[in-house]
Amino acid sequence: MLYRQRKLDLPHGELDTPVLFPVRNVGKRSSDNTPKYVGTIPEFSAAMINARSIRNRDPMWNRLTNGVTLREEMDVPEETIIFADSGGFDFSEQEIDTTPKKTIKTQRKLDSDIHGTIDIPLSRENRAAENQRRIDRSIEFALEASDLHTGDALLFASVHGYDPETIRNNIQYLENHGDFDGYALGSMVPIRTDYKKVTKLVLAARNATEKHLHVYGLGGLVYQPLLLYLGVDSFDSSAFIRSAGNRNYLIPGFGGEELHNIEDLDRLPCPCPICGQRSLEDIREDRTALTQHNLWALATELRRFKYIAESDRDVENYLDLRFQGNEVTKRAYETAKQQVRRLT
Amino acid sequence: MADAFDISDEQQDYSQYGLEANPFPYSPVPAEDPEIYCGQQHVSEKISSTVSTMLSTGKSKHLVITGKYGNGKSHTLKYTRSLLRDRDDVVVGYVAQPGEGFLDIYHEFVYDLGFNRVQELAYEYLASVARDVTDANPISASAMKSLIDEGEILLSEIVPEAVRRLSDVTHFADFARAIVHMVYEDTNLYAWQWLTAEGIRYEQRKEMEIHSALDDDTMGVRAFTAFKNMLLELGYTGVFVFVDEFESIARLSPKNEQATLNSIRHLMDQNSSGLCMLFGCAPEVWQDVMSEYHAFSERIGEEVALKPLTNEHLNDLVLDYLSRERNGPTEASSIDPFTNEALDVILQRSQGNVRQALAICSRVLDSAIEENREQVTPEFVQESM
Ligand SMILES: [Zn+2]
């Protein structure tokens with residue numbers, strides 16, 4: 001098993017890993033629609049934000065340049081840990097409208113604890129030549145960011161590639177030519193249903209570096225245990241918000257359940273502070289409650305894994321059980337298991 | 001019944017003849033890498049001149065070696081291959097028989113080179129690109145591989161350029177992509193399957209952005225030509241293709257036979273430089289080809305015939321084999337324990353067929369040991385046959 005636990009020393013405090021960064025929509029909309037969770041879910045005193053969206057929303061940016069802190073803007077305690085990504089995911093459709101200089105300046109202004117370098121995501125539909133060009137640009141941007149980077153915040157280089165060689169090659173190249181505190185694997189979202197491929201790529205990255213490894217965009221219920229097993233140190237997810245938007249109720253160990261599929265229950269199967277006291281009907285009506293519950297579900301999934309790893313239980317047995325319900329994820333996990341066993 | 005068998009791993013002792021072991025092959029199949037060639041001088045001269053012309057001028061030249069079954073065609077081809085394989089400026093592929101058509105010849109050729117060699121060539125090509133577009137100076141496939149593994153060179157910087165250049169060189173973008181994919185662990189097996197014309201599924205082709213299927217003779221000729229052009233670009237002098245048992249094209253339907261010969265003709269026409277094909281063929285089939293397909297025979301032009309062994313040949317052959325295992329007091333130039341007369345009988349019995357002659361020598365020598373004979377006489381050969 002490649003699962004590992006570490007501690008990051010960050011400007012706003014220490015952070016135990018592995019950890020999930022819930023994605024906050026701040027900047028994406030006029031008001032952040034993420035319900036309060038910092039302070040209510042203890043291990044989620046961290047957030048992933050999109051530096052570019054915040055920078056591009058003038059009223060908010062004006063407030064931030066006039067002395068309001070990002071954490072005040074987000075209404076979270078000052079000790080909240082912030083991972084600011086570059087917002088590169090938006091560049092899958094649009095032209096790149098930022099530079100490493102601009103991005104890192106924004107990240108500094110936001111006082112983020114972790115800066116992610118600009119990443120230009122690959123697409124399944126793109127021609128290989130175009131994807132190669134994108135990979136190349138991401139590397140260039142990362143190296144520029146490395147040159148510009150000073151200070152206490154950590155710098156994670158964004159890495160892309162749809163094959164293990166490219167991932168290894170990129171990380172090694174960045175190790176040789178830049179100065180990074182960790183690496184963040186991007187472009188996994190378009191291929192997320194190809195579990196085998198994702199698993200291979202994550203392992204390639206895990207083997208290429210001992211440093212912190214983050215995986216962008218795959219922190220949902222199903223991927224979470226898989227990523228933990230593969231030794232990933234952090235991930236982020238907006239699944240809790242997206243699911244709530246679709247009235248999708250996340251259940252640890254199972255996945256999602258659309259609430260209109262259950263009608264005649266009084267109470268939901270979750271004992272979290274949200275569901276524990278309230279009726280199904282009540283939660284169905286309350287999108288904020290649903291979002292908060294979904295976050296609890298992600299926290300529960302993470303807590304369970306940590307508990308299994310910490311106790312004398314066999315993690316692989318737990319995962320056999322965890323994945324037995326779904327043929328696709330089960331096969332992905334079996335493949336991962338074989339590969340991991342070869343490595344340990 | 002138990003006594004009927006006497007199985008033992010005890011080595012026969014050949015020291016009484018001044019030999020370390022029985023030097024003759026037990027099996028009539030020629031060795032993959034024959035160490036000695038005791039062929040006929042006019043044949044080795046002809047092959048040498050054909051091969052040397054290509055090596056020295058770079059111009060393509062081809063040759064047919066005819067000879068009856070057992071007269072040493074395969075041995076001759078394999079021996080020539082073993083000599084050429086040691087050179088690092090050529091690529092050599094052996095095709096045991098032409099199969100159903102040119103696509104099979106192409107398949108066997110690439111297969112004989114092997115996955116590792118083709119992957120090595122892919123790295124060599126990337127190295128040539130890396131030398132141009134980066135500060136690094138990889139001089140070999142393995143140097144290139146470690147530069148990639150260690151992150152000294154960025155794959156994404158050289159791969160698009162490599163595909164572009166190789167497409168220019170080969171006029172075959174799909175071939176270029178397949179070669180480059182030989183270095184990716186996720187796709188190299190698919191790339192190999194495509195390159196060997198084994199056929200791959202559409203989705204696998206799509207993953208490598210390969211649009212065409214390599215599944216007929218025309219595409220086979222195209223791929224071979226692309227391959228050869230890549231090698232010339234890499235600085236190789238040329239490619240040698242050895243096609244053995246060419247006579248088996250006679251069992252194809254007339255239409256398929258014609259198609260195969262036409263494809264080989266096209267291949268020769270499209271490769272006026274850097275290609276040397278050596279065919280082994282039974283004389284009667286070659287006669288038919290000569291008379292029926294002028295367009296083909298004109299391009300080969302040269303033929304050399306392996307003749308049945310003479311006394312002198314057999315003498316030399318036996319001497320060469322014996323000297324491989326000589327250790328004792330016997331003179332190196334002696335054919336002991338064989339007598340000259342014994343070799344005459346062996347020659348008669350084998351009808352001058354190399355393969356049979358060697359098999360008889362092997363058996364007779366073992367019998368002589370068993371029966372503790374001092375010499376192999378004509379009578380003993382007769383007896384032990
Ligand atoms: Zn709940």
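These figures come from a predicted structure and were not determined experimentally. Letters A, B, ... mirror the listed sequences (proteins, then strands); counts begin at 1. In what follows, every heavy atom counts, from backbone to side chain, and hydrogens, waters and symmetry copies are set aside.
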Does [X] have more than 12 heavy atoms from other residues, nucleotides or ligands lying within 6.0 Å of its [atom1]?
| X | atom1 | answer |
| --- | --- | --- |
| A/Lys105 | NZ | no |
| A/Lys197 | NZ | yes |
| A/Lys337 | NZ | yes |
| A/Asp179 | CG | no |
| B/Tyr236 | OH | yes |

Mind checking the [atom1]-[atom2] spacing from [X] to [Y]? Nearest 0.5 Å is all I need.
| X | Y | atom1 | atom2 | result |
| --- | --- | --- | --- | --- |
| A/Asn170 | B/Leu155 | CG | CG | 8.0 Å |
| B/His181 | A/Glu165 | NE2 | CD | 10.5 Å |
| B/Leu154 | A/Gln172 | CG | CD | 12.0 Å |
| A/Glu140 | B/Glu157 | CD | CD | 9.0 Å |

**Request:** Tell me, with the steps shown, if B/Glu185 and A/Asp163 meet side-chain contact (heavy atoms from CB on, under 4.5 Å).
**Result:** CA-CA 8 Å; B/Glu185 75 173 51; A/Asp163 64 274; over 6 Å; no
**Message:** As an exercise: rank A/Asn176, A/Ile135, A/Asn131 by heavy-atom pairs under 4.5 Å with chain B and give me the winner.
**Reply:** A/Asn176
**Request:** May I ask you to decide if A/Pro164's main-chain N or O and B/Asp186's side chain share a donor-acceptor pair within less than 3.5 Å?
**Result:** no
**Asked** Is the backbone of B/Val159 close enough, under 3.5 Å, to the side chain of A/Gln132 for a donor and an acceptor to pair up by distance?
**Response** no
**Message:** Below 4.5 Å, heavy-atom pairs only: which of B/Glu207, B/Glu152, B/Arg177 has the largest tally toward chain A?
**Reply:** B/Glu152
**Asked** Side chain, backbone, both or neither: which part of B/Val163 has an atom under 4.5 Å from a heavy atom of chain A?
**Response** neither
**Asked** Given that the side chain runs from C-beta out, which part of A/Leu174 has a heavy atom under 4.5 Å from chain B: side chain, backbone, both or neither?
**Response** neither
**Fill in**
Under 4.5 Å to a heavy atom of chain B? For A/Arg127 that would be both
